[in-house]
Amino acid sequence: MLTKDQIAQRIARELQDGWYVNLGIGIPTLVANYIPDGISVVLQSENGLLGMGPFPTEDQVDADLINAGKQTVTMLPGSSLFSSADSFAMIRGGHVQLTVLGAMEVAENGDIANWKIPGKMVKGMGGAMDLVAGTDNIIVAMMHTNREGESKLLKRCSLPLTGKNCIKRVITDLGLFSIEENSFVLEELAPGVSIEEIQAKTEGNLRISPNVKTMKFD
Amino acid sequence: MLTKDQIAQRIARELQDGWYVNLGIGIPTLVANYIPDGISVVLQSENGLLGMGPFPTEDQVDADLINAGKQTVTMLPGSSLFSSADSFAMIRGGHVQLTVLGAMEVAENGDIANWKIPGKMVKGMGGAMDLVAGTDNIIVAMMHTNREGESKLLKRCSLPLTGKNCIKRVITDLGLFSIEENSFVLEELAPGVSIEEIQAKTEGNLRISPNVKTMKFD
Amino acid sequence: MNKIVKNAEEAIRGIEDGMTLMLGGFGLCGIPENCINALVKAKTKNLTCISNNAGVDDFGIGLMLQQRQVKKMIASYVGENAEFERQLLSGELEVELTPQGTLAEKCRAGGAGIPAFFTATGYGTEVAEGKETREINGRMYVLEESLTADYAIVKAWKGDRFGNLIFKGTARNFNPMMAMAGRITIAEVEILVEAGELDPNQIHTPGIFVQKIFQGVDYEKRIEQRTVSK
Amino acid sequence: MNKIVKNAEEAIRGIEDGMTLMLGGFGLCGIPENCINALVKAKTKNLTCISNNAGVDDFGIGLMLQQRQVKKMIASYVGENAEFERQLLSGELEVELTPQGTLAEKCRAGGAGIPAFFTATGYGTEVAEGKETREINGRMYVLEESLTADYAIVKAWKGDRFGNLIFKGTARNFNPMMAMAGRITIAEVEILVEAGELDPNQIHTPGIFVQKIFQGVDYEKRIEQRTVSK
């Protein structure tokens, strides 16, 4: 089983030099802590910032500089600031190379649900629908099962969708999956997790890649 | 008969304090020379400038500061610079209070033709189609007749249109007309011009305003 | 030309019950604090508010919600507000949730004279229900209509009497597009300067989009998630 | 991350016969002089060029026309160019005239992932022929499709190695939207500075839209209508 930090660490290995990346709230935010040496990426915050840096020190805190999670942040050299319309022009126009975000459910056809639970208070989709519609390369980072132990990798999403047929990769605490031809394809196993466990905990159609391997962490 | 400068002078009397105004090439440009005392307007140049000032002196000339007629210009205090998309957002969005432009033909239904003569080299419509579609308040400034002495105030435009049903006022060397209910309504006569002359030189339906008067110039 | 008004009270004169307002800001960042406080005092009712968020219980649009001045919210994210939740569940408040990028673009389009545009965002979701969809170059898109407002209320860092505005940091967010989309746009600024003091090349919102401007007072600039590193 | 290339020759490597190019500028103001000269040297052929104008006989895109490198022009105004006129009348050159505001918006839309939008511009004229029209809120509109290009080539005043750009005066014009709409965008700048030297709040084109950047040489900046007052 992967810790949240290990999930972030594994995702960080996908980063390529020069990429513009949007990291969602939660586990995705942790990816910024594991950017490999020699790889330089630019973090996009959809409220209007490219080149987001670490959290500020006490004396750097600026109420006029926050990220999409409303947290105070800093800017790195080479940053730029812009309006929400320009920000989503980047996102919708496909200029962001990678989006990492969480989900409540992902389906074997690439559907994703992560914004609304009927009967519960709805907070809104924020920028999630734009991000999943606008980015080609999306990695969903989430726990494999919900609190009741039910699979979040499904045949069909039961919750209202955030986007249709848009997810091609999912990483959970149990493994890394690509989505191809209406199947979750297990590419990498978390250390200590068996294929049987994944089979038991995956509701959607599951295939095992012929090259399946176990992830390694230092 | 009005001179070109008198046409511009008469148009300038329509200006109201605080208006944003786009002046086309030719007679419309001259309007800037006759802005009444106490009236402050901001001139928009559709290539990306609000607050256009007079032509530069020799040592002020800047190749990076031109108007839509590609002439070197200056900026007044309170100017702003922006992209062509933002410029036409202003125009298309109806934020410019007055557009003054020339025409080859205007029809009694408010159609205007000013960009193309079939069989002749076509230079293009530039921003004219956006300006006539985007501005509520348009004044067409032109000679009443063409070089062959034929009326330019027509029942129907014979040339390809720039815009449909969009012109509400025309000023020519002979008079000032509003366009209402498929008629040119003569509101003001140029000094020395008779109603008979206007009747003879206007092909479109002509009505004489009950309050018709003769323009006065100092 | 002088667009300067004295203060927020004078600026919001003309805003009547039942009107549609756009309010700039992302969370509590870049919100027009002075005008919101004046609206709370004025007790204007039955408002439709277009804003990315709805403030928190005791700040921003939350203050207007406390007084039940808002009939309808058009927003992308409305968490962090208990009173909002109560009114929504009780049916006192209507909410139209719109994806953030679509909301931003709807405002820009409204200001730019574009009545409708196609976007892939929301296709296949409930956001697209009842809307025209269309395949263009092999991909499915939803037709979204633009938004305008009776009044747009924005907050900028610096401005001049022509209404030219410069924003600061991520406090820019929705303010520039909303400034475009208001039939009347009110700008409150931290620093009001003389015409000519702002570099024309650095202006984010040209004055043509702004009808009233004033220098605000006592900005609190509350931080929702104060996060620091050691 | 380093987007800096040595010069125009290196920047245009990858531009092949038959490609679609966007070229920034209004008249001769803000055109990418260095890249145009490199394209003239490279003799790349059968190009579709999207640019507001087509240069003059001996400068700007006019130089490419002299060599018959251009198969098709998409522009709003193509006067002031005798060779252009000759090729057009002889049928060697195809021209698609587009209203200036629609052209600007089509580029922005292409960069912003909006495949089509409605505008009132051109309704009832030959520009609308063959296009869908629709009544929205009592007014007639034309559906216009967005534009993208294999390469967009823009000219800015200042830039850094991240591709962030600042334009100067009215040389901004079509450059920012075209930068958004290029699958690959090349920026040539007068002054290339270190990352961090440009104020993030004053950047007109964020580097995300730019893939290659270099400092140009020997800018002529020709003036079409030198007009002075005494």
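To find a chain, count down the sequence lines: A is the first, B the second, and so on, and within it residues start at 1. The figures here come from the full heavy-atom set of this structure, side chains too, leaving out hydrogens, waters and symmetry mates.
- Interatomic distance, B/S83 OG to D/M180 CE, rounded to the nearest 0.5 Å: 9.5 Å.
- Distance check, rounded to the nearest 0.5 Å: OG1 of D/T119 to CZ of B/F88 gives 11.0 Å.
- Summarising the geometry, atom NZ belonging to B/K70 is positioned 6.0 Å from atom OH belonging to D/Y77; distances are rounded to the nearest 0.5 Å.
- Only the side chain of D/N53 comes within contact range of chain B, judged by heavy atoms closer than 4.5 Å.
- Distance alone, capped at 3.5 Å, places no donor-acceptor pair between the D/T125 side chain and the B/G163 backbone.
- Proximity to chain B (any heavy atom under 4.5 Å) is restricted, for D/E190, to the side chain, taken from C-beta onward.
- Residue D/L28: no heavy atom, backbone or side chain, is found under 4.5 Å from chain B.
- Taken to the nearest 0.5 Å, the OG1 atom of B/T72 stands 9.0 Å off from the CD atom of D/Q225.
- For the set B/A113, B/A128, B/A89, B/A63, the count of heavy-atom pairs under 4.5 angstrom toward chain D peaks at B/A63.
- Within 6.0 Å of CG in B/D136 there are 12 or fewer heavy atoms belonging to other residues, nucleotides or ligands.
- Contact annotation: the side chain of B/W115 approaches that of D/L97 to within less than 4.5 Å [non-hydrogen atoms, C-beta and beyond].
- Considering D/K168, D/R172, D/H204 as possible partners of B/L81, the one that fulfils the side-chain contact (heavy atoms from CB on, under 4.5 Å) test is D/R172.
- By the 6.0 Å contact criterion, NZ on B/K4 is open, its count of non-hydrogen atoms from other residues, nucleotides or ligands being 12 or less.
- Taking each heavy atom of B/M129 and D/P99 in turn, the nearest pair found is SD-CG, 3.8 Å.
- Comparing B/G124, B/S79, B/A68 by heavy-atom pairs within less than 4.5 Å of chain D, the highest count is held by B/G124.
- In this structure, the separation between OG on D/S229 and CD on B/E58 is 9.5 Å, given to the nearest 0.5 Å.
- A cation-pi arrangement is not found for B/K164 relative to D/Y123, the charged atom failing to lie both closer than 6.0 Å to the ring centre and inside a 45° cone about the ring normal.
- D/E85 has no carboxylate O lying under 4.0 Å from a charged side-chain N of B/K120, or vice versa, which leaves the two without a salt bridge.
- Neither the backbone nor the side chain of D/R222 comes within contact range of chain B; no heavy atoms are under 4.5 Å apart.
- By number of non-hydrogen pairs under 4.5 angstrom with chain B, the leading residue of D/C29, D/A54, D/A75 is D/C29.
- At a threshold of 4.5 Å between non-hydrogen side-chain atoms, the residues D/E105 and B/R92 count as touching.
- Heavy atoms of B/T162 lying under 4.5 Å from chain D belong exclusively to its backbone.
- The shortest side-chain heavy-atom distance between B/V61 and D/I223 falls under the 4.5 Å cut-off.
- Heavy-atom distances place both the backbone and the side chain of B/V122 under 4.5 Å from chain D.
- With a 4.5 Å cut-off on non-hydrogen atoms, B/L65 touches chain D through its backbone and its side chain both.
- Interatomic distance, B/N67 CG to D/T227 OG1, rounded to the nearest 0.5 Å: 7.0 Å.
- With a threshold of 4.5 angstrom between heavy atoms, B/E46 approaches chain D through its backbone and through its side chain.
- Put simply, the side chain of B/D130 never gets that close to the backbone of D/T121: no donor and acceptor are under 3.5 Å apart.
- The local environment of CD in B/E187 is crowded, with over 12 non-hydrogen atoms from other residues, nucleotides or ligands closer than 6.0 Å.
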